[in-house]
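In what follows, a single structure is set out as C-alpha cells and then discussed.
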Amino acid sequence: QVQLVESGGGLVQAGGSLRLSCAVSGRTFSSYVMGWFRQAPGKEREFVASIRWTGSSTYYADSVKGRFTISRDNAKNTVYLEMNNLKPEDTAVYYCAAAYGNNLYRDSGMYSYWGQGTQVTVSS
C-alpha cells in the first residue's frame, strides 16, 4: 500500500507562486511515475504534470507549461509542484498520484494511488 499526502495549497493573488509537496510512504517500487492532477468545481479532473521517480523526465499539460515545474527528492520520498505566475483559472483542488510503470502517463486511470488533495485558490 502506498500513502500520499499533499500539502502547500492556499490562497494567492494572480501572478503569485506556490509550491505543493506530496510525501509518499508505504511500499516503494523500483520504478513508478508520479503525477499531479487538478479538479476545478464543476469540471473533470485534468492532468497537470508527471515525472519518473528514477529519472528526470517530465511531462506537462500545455496549460501549465513554462509556469509549473514538477520535481522530486528521492531521499525524502517527496514530489513537488512549483507553480509560478498563477492565474485565476489555476484554481482547483490539486491531487498527487502514483502509477506503476515508467511511462509519463497523463491518463488518470493509469494511476493506482491518490492523495486527499490540497486546495489552491488564485484571486484576480
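Since the structure is predicted, the reported quantities are computational estimates derived from the model, not experimental observations. Quick note: residue numbers are just sequence positions, from 1.
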Can you tell me how far [atom2] of [Y] sits from [atom1] of [X], rounded to the nearest 0.5 angstrom?
| X | Y | atom1 | atom2 | answer |
| --- | --- | --- | --- | --- |
| K87 | S124 | NZ | OG | 14.0 Å |
| I70 | S50 | CD1 | OG | 6.0 Å |
| Q39 | E46 | CD | CD | 9.5 Å |
| C22 | E6 | SG | CD | 5.5 Å |

Are any non-hydrogen side-chain atoms of Y95 and L4 less than 4.5 angstrom apart?
no
Would you check if M83 and V64 make a side-chain contact, meaning some heavy-atom pair closer than 4.5 Å?
no
Can you get from V79 to Y60 by hopping between Ile, Leu, Val, Met, Phe, Trp and Tyr side chains that sit under 4.5 Å apart?
yes
Angle class for the F37/F47 ring planes (parallel below 30°, perpendicular above 60°, tilted otherwise)?
perpendicular
Using 30° and 60° as the class limits, which term best fits the ring planes of Y94 and F68: parallel, tilted or perpendicular?
tilted
The single option from L104, I51, L81, T78 that satisfies side-chain contact (heavy atoms from CB on, under 4.5 Å) with M34 is I51
Which of Y105, Y113, Y111 passes side-chain contact (heavy atoms from CB on, under 4.5 Å) with Y100? Answer is Y113
Over all atoms of both residues, closest heavy-atom pair of [X] and [Y]:
| X | Y | answer |
| --- | --- | --- |
| R72 | R52 | NE-O, 3.6 Å |
| A92 | A40 | CB-N, 3.8 Å |
| G8 | L18 | O-CD2, 3.9 Å |
| W114 | S108 | CZ2-O, 3.5 Å |
| S17 | N84 | OG-OD1, 2.8 Å |

Could you go through D90 and R67, starting from their C-alpha distance and side-chain angles, then the distance that decides it, and tell me whether this counts as side chain to side chain contact (heavy atoms under 4.5 Å, CB included)?
CA-CA 11 Å; D90 293 320; R67 299 188 298 123; 2.7 Å; yes
Cationic N near anionic O, under 4.0 Å, D62 to K65
yes
I would like to know whether V24 and V2 meet side chain to side chain contact (heavy atoms under 4.5 Å, CB included); could you show each step before the answer?
CA-CA 7 Å; V24 183; V2 176; 3.7 Å; yes
Please assess Q119 against T91 for the test side chain to side chain contact (heavy atoms under 4.5 Å, CB included), listing each intermediate value before the final yes or no.
CA-CA 8 Å; Q119 176 71 47; T91 295; 4.0 Å; yes
